Structures are given as C-alpha cells and as structure tokens.
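See structure below.
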Number of protein chains: 2
Amino acid sequence: MKKIGKFVSYTDQVYRELKSAIVSGDIQQGEFLQERSIAEQLGVSRTPVREAIKRLEFEDWVETLPWKGVVVKDIDRQDIIEVFQCRYANEGFVGERVASTITDENMAELKKIKSTMEELADESRQEFINEDRKFHMHLAQLTNNSLLIHFLDRLSDQMLRFGILAVKDKVRIKETLEEHQAIIDALETRSPEKTKEAIQRHIDNSQDVLLHQTKERE
Amino acid sequence: MKKIGKFVSYTDQVYRELKSAIVSGDIQQGEFLQERSIAEQLGVSRTPVREAIKRLEFEDWVETLPWKGVVVKDIDRQDIIEVFQCRYANEGFVGERVASTITDENMAELKKIKSTMEELADESRQEFINEDRKFHMHLAQLTNNSLLIHFLDRLSDQMLRFGILAVKDKVRIKETLEEHQAIIDALETRSPEKTKEAIQRHIDNSQDVLLHQTKERE
DNA sequence: ATATATTAACTGGTATACCGCATACCGAAT
DNA sequence: ATTCGGTATGCGGTATACCAGTTAATATAT
C-alpha cells in the first residue's frame, strides 16, 4: 500500500492561506496578524498558525514584535530595488549559464509560454503575470541549481505583491512581450553574453516602470 | 527610554546551538535530531526546539520526514556547486555594483581585514576563515541591499560546513591572500568589470580546490 | 520454519493551558 | 490639571498533554 500524495499539514495550509491573502491585498500592510483569531477563524489551534507565521517571517512578509504582535511588512521603493537587483544578478547568471546548452525542446517551451502571453495580453492581467513567472522560472529550472531556483522563486513571490502594478498599462505589456522575444532571440544565438544582457535589460526596464509608478507615494 | 538589549528567545538560542553543532560536525550528516531528547538535554520544552528545527529546515540544514524524524542533510558535490554558483552570481554583482562608489574608508577596512588574514595564515585556520567571511561580507554590506546580504550570509553559513576543507593546505591559503589582493587592486581602479572578474575568479578557484579535494568520496 | 497479523514503541503534528512582557487605562497624589 | 503608579488586558513565548502515522519487534497461524 503506497501513499499517493504528500502529507500536507495544517501548517502548510495556513501558510498558503495567509500568503495569498497578503499577496492579494486581503490582508493589508501594517495590519496585525493575531494567532488566536486566525486560529479560531480557520478552525485550527494556535500551533500551526504560529508555525505558518514563522515561515512568513522568515520570508520577510511579516515582522514579529515580541510581546506586541505580528505585523505585515509594508513595501517601499527600497524593497522594490532590492528584489530587482537580486533578480538582475541571478537571472543574468541564469541566462549566461543556460544559453550555450539549451535544447530545442526548451526553446519550444519558452516560445509556447510567450505565445500564451500574447493571447492573454488583452484578457487577464492575473493570468498574464502567472505566465510571465513561468517564463522566468522555466529558464531558472535549466540551471539544475535548486538553491538558485528557490531564491528566484521567493523573489517571484515578492514580485506578485507589487507585480500587479508592473504591467498595469497596455504599453508595458507590449514592451514585456518584445523583451521576452529579445531574450528568445538572444538564446537562439546561443550567446551567453547576449542572453545575459537581454535578460538584464528586461529586468531593468521592469524596475524602471515600477519605480516610476511608485514615485509619488509616501 | 531606550530598550537596552534585544530579546533573545529560547528558540533563537536553540537554533544557534544546533546550527553550530552541525557546522562544527558535532552533529554529523545523516544523524537524526529528536525534538524530545534535545529539549531535555537543553532544559527547555519541545516548542522552542521545534521552532528552531523548522528554521534549520527552511535553511536546508535538515529535512523533516513526517512521523519518521528530522535528519541532517548531507552535502555532496552538487551542493558545493550550487553554493558556489550562487556566490559567483551575487558576489560578482556586488563587485560590479560597489567598485565605482567605494570610499577610501571602506578600502582601508578591506586592507585591514586582509592584513589580519596574513597574520593568521600560520596561526588559526578557524580564525582565518572567519576573517575571510568578514572580507566578503564587508563588500556585500556596501550594496545596502539587505535581501542580497541575507542571502550571501546564508551562503557563508553553508561555506563553513565545507569551508574547513577549502583552505586545508598552505598553498591555498597563499592563493587566497593573493586573490584578495587582486580584488583590492581591481577596486583601486574603480572598474566594475575588473572587480567583478577578480571576485569571480577568486570564487571559481575556491570551488575548484574544494571539488578537487572532494573528488574521491561517494 | 516461515509468512502474516498484531501491537507496542517510537516519531512529528496538533491542541491547550499558563507565563511574562508591553501597553492602555484609571485613580490617587501632587 | 498633571503626573505618577497600580492594574487589567492582550500579545507572543513556553510547557505539556494528546493525536496520528510509521516502524519494527513480536506473537500467532499456517
């Protein structure tokens, strides 16, 4: 008798619940997470709630003030800069590393994702963003570096929080598609240098748009 | 009224205790961590031990097998490669970023660390490694990117685990000093490109030595 | 003797009660 | 009116008891 699926603990469920609530904005920044009320609300005890919160804390979603409470961290320009700098460094490396060894199959997969994004451009912003994430993470997978992949995955999570803004207007969507095409073109040449530059240019542009749209606040 | 010191929980203490035990080899890879016995041994309850273990799990030191146990992950060639690739990408970025803006004070600090390392070269391997970490982390600090800094700090922790091997022989110590000097020289020119290359060359060399010394096993 | 069912002794997972710090409130002293 | 100090309350931190799979030794049937 084999176990079919993995065991999913309450902790996991609560974690996913809370993270998606933060990402979607249902729980706003500055808001306090209260172990007891969340536990009651979800029908579990404080323990799994507590462990879920610890994970969120580790991933920098929330901050624990001892004896006072757990507060959802807010994001400012500095956070955006930090995430994009890390993406710049690591995704640039991914491109450099992957360009010379990428297979035709993987190229096809990237093109497929890109065409899906084109279809979704006028449809659903949310789905568009999901596919964008797939595009970048598909490249990352090719490094076979799980440490790097996990880190980029965390960054992608953070992106979701302010990612909604990044592709707010039609212009940026069009640019995003063009830049993805440029990455694909660079990959076709199998040139590590060109690929790295195409990716880093894409990331720099995204950052610029996002920072520009965040300028006035605070 | 200022708060004098930070509050340190049992969880923090247990975490540090366990991590240093793993790093030092007191707890070997493959060994099982048992919440109950550790709690008893340290004179605390299971709860803080459990939370400490969760943190270790998140940082990939251990793996939890539900209802079976928590086992200390072992490190293989792939782990070494992954850590060094991440260092290559991120520390390279640090060099690129910092070269053009580094102050004379910070240059002086780097030189000071380097001369300390020279003094320690024949004394204490452990202290030598600590100073090496300081050198790299000092550069990282200059980016003011806390996300990046935390990631590199985690990588440094991992380095400790197999770092003992990296500077096992006198030859490698001498090379390390030379390569640090090369990084300092590159910084003097304020050239992002040269600095990045000097750092990445240093990291590549360290990786080569380490992989070479790990070749036979498994 | 061997194969199989049982069960006892682990483990981590969860629920819950209690502790101690931080804060807000309220009354007494100034 | 202001300030100081006690106190009630709410929070995370910790301890502990119990639950639920897993495993392996053991009893039992063949």
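Per chain, numbering begins at 1; letters A, B, ... match sequence-line order. It should be emphasised that the depicted structure is a prediction, and the values quoted were computed from it without experimental measurement.
- Of the charged side-chain nitrogens involved, none lies within less than 4.0 Å of a carboxylate oxygen, so that B:Lys54 and B:Glu51 do not count as a salt-bridged pair.
- Listed by first and then second residue, the ring pair (Phe, Tyr, Trp, His ring centres under 6.0 Å) pairs that reach into residues 17-61 of chain B are A:Phe58-B:Phe58, sequence neighbours excluded.
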Please list, one pair per line, the donor and acceptor atoms closer than 3.5 Å that link side chains of residues 40-47 of chain A to other protein atoms, with sequence neighbours excluded.
residue, atom, partner, partner atom, Å
A:Ser45, OG, A:Thr47, N, 3.3
A:Arg46, NE, A:Glu35, OE1, 3.0
A:Arg46, NH2, A:Glu35, OE1, 2.7

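- Taking atom CD on A:Glu40 and atom C1' on D:dG10, their separation rounds to 15 Å, with Å as the unit.
- Ring geometry for A:His136 versus A:His202: interplanar angle under 30°, hence parallel rather than tilted (30 to 60°).
- Distance CG (B:Asp12) to P (D:dG12): 16 Å, rounded to an integer number of Å.
- Looking at A:Gln78 and A:Glu82, their side chains do bring a donor and an acceptor atom within 3.5 Å of each other.
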Can you check nucleotides 12-14 of chain C for protein contacts, nitrogen or oxygen pairs under 3.5 Å, and list what you find?
residue, atom, partner, partner atom, Å
C:dG12, OP1, B:Leu33, O, 3.1
C:dG12, N7, B:Arg36, NH1, 3.1
C:dG12, O6, B:Arg36, NH2, 3.0
C:dG12, N2, B:Trp67, NE1, 3.3
C:dG12, N3, B:Trp67, NE1, 3.4
C:dG13, OP2, B:Arg50, NH1, 3.2
C:dG13, OP2, B:Arg50, NH2, 2.8
C:dG13, N7, B:Arg46, NH2, 3.3
C:dG13, O6, B:Arg46, NH1, 2.9
C:dT14, OP1, A:Tyr10, N, 2.7
C:dT14, OP2, A:Thr11, OG1, 3.3

